[in-house]
Amino acid sequence: MSVPRGTMKKDFDIIVVGAGHAGCEAALAGARLGLETLLVSLRIDRVAAMSCNPAIGGLGKSQIVREIDALGGEMGRAADFAAIQFRRLNASRGPAVRARRVQCDVDLYHRYMLSVLQDCQNLTLLESSVESLAGSARGLSGVVLAGGQRLQTSAVVLTTGTFLAGKMHVGLESTAGGRLGEAPAQGLSDSLRQWGFAVGRLKTGTPARLAADTVQIEGLEVHEPDAQRLCFSHDLPAPDRQQVNCYQTRTNADTHRIIHSALDRSPLFAGVIQGQGPRYCPSIEDKVVRFAERSGHQLMLEPTSLAGDVYYPNGISTSLPKDVQREFIHSIAGLEQARIIDYGYAIEYDFVSPNQIRACTETRRMPGLFLAGQINGTSGYEEAAGQGLLAGINAAARVQGRDPLILGREQAYIGVMMDDLVTRGVTEPYRMFSSRAEFRLLLREDNAADRLGRVAEQVGLVSAKFLAVRTAKQDEVAEIRQRLASLRAPMDKRGRTPTLEKLLRRPQISIGDLAPDLGKDFGRDALEQAEVAVKYAGYIERQKKEAHKLAKLENRKIPADLDYELLSGLSRELAGKLSKIRPRTFAQAMRVEGMTPAAVMVLSIWLKKQASVPRGTNGVK
């Protein structure tokens, strides 16, 4: 429910600040776990806004969305509901790198999520801003709203996106803002600094939006939706909604000439922008400079709604002046007459260095304060939502006196992300890639519900219906595998009658080729899981053994108060880094940048001796 500020109650179990993708997941998780939760947003009519590209999922990201759904989050359902184009990426490649991606109607996505928030029990929505944090050395006690009203709480989740001291750049002109048409959050950054947090500056950007009826799509490469709609949700069918096309075009030598001639007016190259931008999603001006040898760069025209009246030109993010944007856009095939609805811009914003948080998203400096999303230095809707869900679960756990949920690298992409943030920090906006996960064959998008099933039951966010669907799918996979092992193919030229399982191990044969012989119309996810289990049995077993080794190392806990400065054999620089990061386990310490084999040995020997050292001595002699 939404309430006017004058009737706001003074106490909440959890307060979530910011209603983007991270904030929505955090607030829903806290409320659904029975906690009185407040979600504070500058504008309620902009909750779950898709500020950049109108899509969910993709390479290295769809796994996170499936994990969110498996744990009881909402992003997958919202994406399926608003989907106007379903696509499977890397369909012909190995299972570890296959990914779902959906184009969304941005208004449908927002309306769906707003409706879910408004209908959620224990959840209150407030349109206001949080100016500062209240607390003491013992921990956080509340927040102060604009106007001075103080609200008491046991836990706060900050999901501020690009709003912390946000500044937008178009050419050499800069304006304060969290995103187009919205004011920034100014006071909270100062409050975080006053509480001793190290705050840095990052940058991201977005392209212009184009009126679709002024774009010439004839002659452009068409990207049609898949005939079969692969959903993110594990237990809901795909909506019967009309699907749309996307269109591909490219920049050219003329485009690059125009951009090069205006670099002196680019805030990126003129030194106006100080924040570090994303290396893997650079602006078009950055691309033409860094990759000068290329004659063109691909861009995808993506509809932002079912109406198809606006295109998002994915691939030409820019902060160049408006006149330059018009000129270079009009130099691109199909866009010669394109009318710009909104111009592209870059945005700088504050973030909190993530090595100040634990893998549960709670800050070490201020117990009870949780951070999720771009405030931790990440980019992307999916990364933010995964952190938000984890933060909401753990904020509730703190209030209820339960142990926090920490996902391991061998369990989930969300676990990989959190471990990367905590142990390595960020120097640029963090983006998830499948290459970051060393156990990616185990962490596929098709098996998210299975590998997180026990965790989901313990957390308590998933419904009985979901559990029943998951059990039915497990039974389905088991039945497929049993039939593959027992059914035999017709006799071959050598007089052999191999089982279907042995046939499936052959590279040129897929389970689709054998589906008629299986005798039942099994679901696509179940068939895929069974095929992967058969074809990649050796690789999967090898990764399971490696994951087991890692799990054993994760069980070697490091005391939170260990004085690394007194460990003989560690360099002063490394001791300082370990003291700052405070790795939770031996395995996590091994992943800290700068850990040498000698340093690993020093810490390992100390841990082995720890059991024989009287408690309270910190193990240092």
Side-chain angles (χ1 to χ4, degrees), residues 14-27 29-30 39-42 47-49 51-52 64 129-133 135 140 143 155-167 177-179 182-204 275-278 347-392 394-395 414 417-418 420-422 424-432:
I14 300 170
I15 294 177
V16 179
V17 182
H21 303 284
C24 289
E25 295 291 354
L39 177 59
V40 185
S41 175
L42 290 168
V47 303
S51 308
C52 201
I64 293 178
S129 65
V130 171
E131 294 298 309
S132 62
L133 303 171
L140 180 138
V143 301
V156 169
V157 183
L158 294 184
T159 66
T160 49
T162 59
F163 281 76
L164 276 187
K167 181 183 286 188
R179 61 185 167 213
E182 298 184 53
Q186 297 288 16
L188 199 48
S189 285
D190 292 336
S191 180
L192 287 165
R193 290 187 179 92
Q194 288 168 5
W195 283 106
F197 288 97
V199 177
R201 200 81 168 149
L202 290 175
K203 167 257 179 188
T204 189
Q276 180 63 46
I347 183 166
E348 286 185 286
Y349 55 95
D350 285 348
F351 79 106
V352 175
S353 299
N355 49 26
Q356 299 169 98
I357 64 173
R358 298 184 175 92
C360 64
T361 77
E362 186 177 22
T363 63
R364 291 194 300 272
R365 182 173 294 277
M366 181 177 275
L369 177 64
F370 298 78
L371 309 181
Q374 285 174 289
I375 193 172
N376 282 335
T378 62
S379 68
Y381 306 148
E382 303 82 2
E383 291 89 340
Q387 293 170 68
L389 177 62
L390 192 62
N394 285 321
I414 296 174
M417 171 175 60
M418 292 309 305
D420 283 349
L421 293 175
V422 171
R424 301 172 186 175
V426 298
T427 56
E428 61 185 58
Y430 177 97
R431 177 180 178 182
M432 178 52 69

Test side-chain contact (heavy atoms from CB on, under 4.5 Å) applied to Leu202 and Glu348, step by step: CA-CA 6 Å; Leu202 290 175; Glu348 286 185 286; over 6 Å; no
Thr204 and Tyr349: CA distance, side-chain angles, deciding distance, side-chain contact (heavy atoms from CB on, under 4.5 Å) verdict: CA-CA 9 Å; Thr204 189; Tyr349 55 95; 4.0 Å; yes
Thr363/Trp195 under side-chain contact (heavy atoms from CB on, under 4.5 Å): CA gap, chis, key distance, verdict: CA-CA 11 Å; Thr363 63; Trp195 283 106; over 6 Å; no
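Checked against Leu369 for a side-chain contact (heavy atoms from CB on, under 4.5 Å), the options Ile357, Val157, Leu192 give a single hit: Leu192. When each of Val16, Val352, Ile375, Val143 is checked for a side-chain contact (heavy atoms from CB on, under 4.5 Å) with Leu158, only Ile375 meets the rule.
Glu362 places no side-chain N or O within donor-acceptor distance of the main-chain N or O of Ala395, the cut-off being under 3.5 Å. Judged by distance alone, the side chain of Thr378 and the main-chain N or O of Gly373 form a donor-acceptor pair under 3.5 Å. Side chain of Arg364 to main chain of Asn355: a donor-acceptor pair is present (N/O by atom type, distance under 3.5 Å, no hydrogens or angles). Remark: side-chain polar atoms of Gln356 are paired, donor with acceptor, to backbone N or O of Ser353 under 3.5 angstrom. Side-chain atoms of Ser41 never come within 3.5 Å of backbone atoms of Gly18 as a donor-acceptor pair (strictly under, hydrogens ignored). In terms of modelled atom types and a separation under 3.5 Å, the side chain of Tyr381 and the main chain of Cys52 share a donor-acceptor contact.
The 12-atom threshold is exceeded at NZ of Lys203, counting heavy atoms of other residues, nucleotides or ligands nearer than 6.0 Å.
Across all non-hydrogen atoms, the minimal contact from Leu42 to Ser129 is CD2-CB, 3.3 Å. Of all the heavy atoms in Gly392 and Ile14, the pair that sits closest is O-CD1, 4.5 Å. Minimum heavy-atom separation, Ala19 to Cys24: O-SG, 3.6 Å. Heavy-atom minimum distance, Leu389 versus Ala29: CD1-CB, 4.0 Å. Scanning both residues, Gly386 and Ile64, for their nearest heavy atoms gives CA-CG2, 4.3 Å. Ala165 approaches Pro184 most closely through the heavy-atom pair C-CB, 4.4 Å.
Residues Arg193 and Asp350 have side chains in contact (heavy-atom distance under 4.5 Å, counting atoms from C-beta outward).
From Asn376, atom CG reaches atom CE of Met417 across 9.0 Å, with rounding to the nearest 0.5 Å. A distance of 12.0 Å separates CD of Gln387 from SG of Cys360, quoted to the nearest 0.5 Å. With rounding to the nearest 0.5 angstrom, the NE2 atom of His21 is 8.0 Å from the CD atom of Glu382. With rounding to the nearest 0.5 Å, the separation of CD1 in Ile414 from OG1 in Thr361 is 11.5 Å. Once rounded to the nearest 0.5 Å, the distance linking OG of Ser51 with CD of Gln374 reads 8.0 Å. Distance CD/Gln186 to OG/Ser191: 13.5 Å, rounded to 0.5 Å.
Not a single ring-ring contact (aromatic ring centres under 6.0 Å, His included) links Phe163 to another residue, sequence neighbours left out.
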